[in-house]
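This report refers to the structure that appears directly beneath it.
Just so you know, these numbers come straight off a predicted model, no measurement behind them.
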Amino acid sequence: MSLRQILLLLWLLTSTVNSFIRIPLRRVPAWSGTLHVLRGWRTLKAPLPKDGVILVPLSNYLDAQYFGEISLGTPPQNFSVIFDTGSSNLWVPSRRCSFFSLGCWFHRRYDREVSSSFRPNGTQFSIQYGTGKLDGILSEDVLTIGGVGGARLLFGEALWEPSLAFALAHFDGILGLGFPALAVAGVQPPLDTLTELGLLDKAVFSFYLNRDPEAVQGGELILGGWDPARFIPPLTFLPVTRPAYWQIHMDRVVVGHSLTLCPSGCAAILDTGTSLITGPSREIEALHKLIGGFPLLAGEYLLSCDRLSALPAISFLLSGVWFNLTAQDYVLQLASGRTRLCLSGFLALDVPPPAGPFWILGDVFLGPHVAVFDRGTARVGLARARVAPLPSLPRAP
């Protein structure tokens, strides 16, 4: 074998290894003596009508927050972010954040002064989430994600985060994975930038959210493909009906054998940035009346922990295929000392027209499943996740 052939072989082997990057994951424990529940960070506004695979590890907090690490700037400044399919912008707190912005004080902040790759932009932006609003300015710098760097993009420096929810969050910012139509200020979404620069072969990504509370790994996001070993085949693909959120058509929802919701079909969005499953208040009220839910504030319901084994399965019919959730799947069990609470994974939320009405299938639905989001063909693939954590990552076609 010639020297040239040996060098070519070494280059191919190196490229193959680098295309599968794993980062050690950490699980954030619940605060001692505190029961802290976060429903999500949704923007409920009307949407405007080579071989690259990047693996991003996710941490899990109370099965309600999944987040991973990214870096911005040169040298890299690290941030934990929610990878959110319900929005399309990347933002992190800024070093220049307002003194009175609590969210900035409790999180890592981007410092443009120490980044040699920073470029100013200065365009102002504002994002209204379901739990609060943030304001800031756009800046340009390089993104490192899953160990892969060199992606120059526009992102938001948050200057004002008045919501207490952001101050209590276990993540610094949000990286949106929705369609360009949702992007505030017309910014190109991060996924589009990675694909355009050739760091990803295809605009495809997948989520595996580990629901095992004893597992070290909280899950993973794979940019550029999916891991067939993570799910029980086959994948069921559904077309996106409105390319802004990842919106699909849901045929119906059945609770046990006695209650049918969404009987004539309805819209649903698959949203990693929302912790629970939400639906119209009348239907969610009927669901909890059947399973014995006790109403709390803001559309949430408590369940009796002693009756979990008697609770019925709740099934979603999507593209003619049933996706079933057991009580173990849709009940969040929270413990603090001797106190144990069981929170329903279903939340009443009425989304008004023109964006709604629709259901939101958040992490309570996505956790038991692997979800593949294909931007190129505007479709979503779903399959039941395998329970056992698996170390291997074979390349998906």
Side-chain angles (χ1 to χ4, degrees), residues 53 58 66 83-86 177-179 191 201-211 219-257 260-274 276-279 312-330 345-346 358-390 392-397:
V53 172
L58 305 176
Y66 290 87
F83 294 97
D84 177 24
T85 58
L177 291 167
F179 285 80
L191 181 70
D201 241 3
K202 296 177 290 187
V204 178
F205 59 93
S206 59
F207 277 92
Y208 164 72
L209 306 179
N210 194 337
R211 307 294 277 185
E220 65 186 11
L221 160 67
I222 302 175
L223 297 173
W226 64 88
D227 182 354
R230 291 294 188 195
F231 59 84
I232 301 170
L235 274 172
T236 297
F237 281 97
L238 305 97
V240 172
T241 57
R242 194 177 190 181
Y245 299 114
W246 288 90
Q247 183 170 316
I248 60 174
H249 177 77
M250 185 160 65
D251 300 325
R252 61 181 177 273
V253 180
V254 176
V255 184
H257 300 287
T260 298
L261 308 174
C262 173
S264 301
C266 54
I269 67 171
L270 296 165
D271 187 0
T272 58
T274 295
L276 307 184
I277 298 171
T278 80
I314 300 178
S315 304
F316 300 76
L317 184 61
L318 305 172
S319 193
V321 177
W322 288 103
F323 294 86
N324 304 314
L325 298 183
T326 65
Q328 197 68 27
D329 295 325
Y330 66 77
F346 289 85
F358 55 63
W359 287 61
I360 301 177
L361 305 183
D363 295 339
V364 166
F365 176 85
L366 294 170
H369 302 97
V370 166
V372 176
F373 298 83
D374 188 341
R375 275 279 307 280
T377 57
R379 61 178 185 166
V380 177
L382 292 170
R384 189 75 185 186
R386 294 189 187 275
V387 176
L390 300 171
S392 62
L393 181 66
R395 177 73 169 102

Is the backbone N or O of Leu177 less than 3.5 Å from a side-chain atom of Trp246, with the two atoms forming a donor-acceptor pair by type?
yes
To the nearest 0.5 Å, atom CD1 of Ile269 lies from atom CH2 of Trp359 at 13.0 Å
Do Trp322 and Val254 come within less than 4.5 Å of each other through their side chains, counting heavy atoms only?
yes
Minimum side-chain heavy-atom gap Phe207-Phe83 below 4.5 Å
yes
Could you go through the side-chain contact (heavy atoms from CB on, under 4.5 Å) check for Ile277 and Ile314 one step at a time?
CA-CA 12 Å; Ile277 298 171; Ile314 300 178; over 6 Å; no
CG/Leu382 to CG/Leu366 distance, rounded to the nearest 0.5 angstrom?
7.5 Å
Looking at every heavy atom in both Arg375 and Leu191, which two are closest together, and how far apart are they?
CG-CD2, 3.6 Å
How would you list all residue pairs meeting salt bridge (Lys or Arg N to Asp or Glu O under 4.0 Å) that involve residues 244-257, not counting sequence neighbours?
none
Determine, stepwise, if the pair Tyr245 / Ile360 fulfils side-chain contact (heavy atoms from CB on, under 4.5 Å).
CA-CA 10 Å; Tyr245 299 114; Ile360 301 177; over 6 Å; no
Atom CH2 of Trp226 and atom CZ of Phe373: how far apart are they, to the nearest 0.5 Å?
13.0 Å
Sub-4.5 Å side-chain heavy-atom contact between Phe365 and Leu270:
yes
For residues Leu235 and Ala383, report the shortest heavy-atom separation together with the two atoms involved.
CD2-CB, 3.8 Å
I want to check something: taking the side chain as every heavy atom from C-beta on, are Asp84 and Asp271 in contact at a cut-off of under 4.5 Å?
yes
Applying side-chain contact (heavy atoms from CB on, under 4.5 Å) to Leu318 and Thr236, what does each step give before you reach the verdict?
CA-CA 9 Å; Leu318 305 172; Thr236 297; over 6 Å; no
With rounding to the nearest 0.5 angstrom, report the CD1 to CZ distance, Ile232 to Arg384.
7.5 Å
Heavy-atom pair with the smallest gap, counting every atom of Gly367 and Ala385:
O-CB, 4.4 Å
Of all heavy-atom pairs between Pro239 and Ile248, which one has the smallest distance, and what is that distance?
O-CG2, 3.7 Å
All heavy atoms of Pro243 vs all of Phe179, minimum pair found to be O-CB, 3.4 Å
Where do Phe237 and Ser319 come nearest, in terms of heavy atoms and distance?
O-OG, 4.2 Å
Residues that Ser315 engages under side chain to side chain donor-acceptor pair (under 3.5 Å), provided they are two or more places apart:
Asn324
Asp227 backbone acceptor or donor facing Ser206 side chain under 3.5 Å
no
Any donor-acceptor pair under 3.5 Å linking the side chain of Arg386 with the backbone of Phe231?
yes
Would you say the ring centers of Phe323 and Phe316 fall short of 6.0 Å from each other?
no
Nearest 0.5 Å, please: how far is CD in Glu220 from CG in Asn210?
9.5 Å
How about Met250 and Leu238: do any of their side-chain heavy atoms sit closer than 4.5 Å?
no
How long is the straight-line distance from CG of Asp363 back to CG of Leu276, given to the nearest 0.5 Å?
8.5 Å
